[in-house]
Amino acid sequence: MTDTTERTTAPERDALPDPARSFASYEEFWPYYVAMHAKAATRWVHLTGTLTGLAVTAYGALRRRPRLLLGLPVIGYGTAWPAHFLIERNNPATFGHPAWSLRGDARMIRMMLAGRDAELGRIAADWLAGHGR
């Protein structure tokens, strides 16, 4: 069995690039980030977790409850990371690019809230097609 055959028959998660991959700029990273969220379910889990985390954090700030200020990172990442493992079968881009991933998440959510989720699906499909996925 050749190396190529082994790669094509490996589980989906093994076919996707390593999150520690290097990029020259955020704009180069962006299509990769979206591709790591190729499935709409993953994007919607991100949106739900992020907005819920923001709401809990805002409530904590308004009510002066410091523990609730952890709502965004705990709920946001606590829902997003399992989505990568269980839905996408890949590793979160956050592991290799935390700042750009946070920026990408905000951009992705803004696009979704603006009704542009289908556009995100096209960006993901284009990146994956262009990288042999």
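Because only heavy atoms are used, hydrogens play no part in the values below, and waters and symmetry mates are left out as well, while side chains stay in.
Taking all atoms of both residues into account, the shortest heavy-atom contact from Leu69 to Gly60 is CD2-C, 4.0 Å. What you find for Pro31 and Ile123 is that their closest heavy atoms are CA-CG2, 4.0 Å. For the pair Pro92 and Phe85, the tightest heavy-atom approach, listed with the atom from each and the gap, is CD-CE2, 3.7 Å. Gly49 and Ile75 make their closest contact through O-CG2, 3.6 Å (heavy atoms, listed as atom of the first residue, atom of the second, distance).
Of the possible donor and acceptor atoms, one in the side chain of Thr79 sits under 3.5 Å from a partner among the backbone N and O of Gly76. Distance alone, capped at 3.5 Å, is enough to place a donor-acceptor pair between the Thr57 side chain and the Leu72 backbone. Within the 3.5 Å criterion, the main-chain N or O of Ala38 finds a donor-acceptor partner in the side chain of Arg43. Of the possible polar contacts, none joining the Glu88 side chain to the Thr42 backbone as a donor-acceptor pair under 3.5 Å is found. With hydrogens and angles disregarded, a donor-acceptor distance shorter than 3.5 Å links the side chain of Ser101 to the backbone of Ala93. With hydrogens and angles disregarded, a donor-acceptor distance shorter than 3.5 Å links the side chain of Asn90 to the backbone of Met36.
Following chains of ILVMFWY side-chain contacts shorter than 4.5 Å, one cannot reach Leu47 starting from Val56, and the two form parts of different hydrophobic clusters. Note on Trp44: it clusters hydrophobically with Val34, by side-chain heavy-atom contacts below 4.5 Å among ILVMFWY residues.
With respect to the salt-bridge test (charged N to carboxylate O, under 4.0 angstrom), the residues Glu119 and Arg107 do not qualify.
Remark: Arg103 qualifies as a cation-pi partner of Tyr26 under the 6.0 Å distance and 45° angle criteria applied to the six-membered ring.
Between His97 and Phe29, the angle of the ring planes lies from 30° to 60°, which puts this pair in the tilted group. Taking the six-membered ring where the residue is Trp, Phe23 and Tyr32 present tilted rings, their angle falling between 30° and 60°.
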side-chain contact (heavy atoms from CB on, under 4.5 Å) between Arg63 and Leu68, intermediate numbers included: CA-CA 9 Å; Arg63 294 292 189 179; Leu68 295 180; 5.9 Å; no

Test ring-ring contact (aromatic ring centres under 6.0 Å, His included) on Trp127 and Tyr33 and set out the steps. CA-CA 10 Å; Trp127 190 93; Tyr33 179 82; over 10 Å; no

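Considering CZ of Arg65 and CG of Leu70, their distance stands at 14.5 Å, rounded to 0.5 Å.
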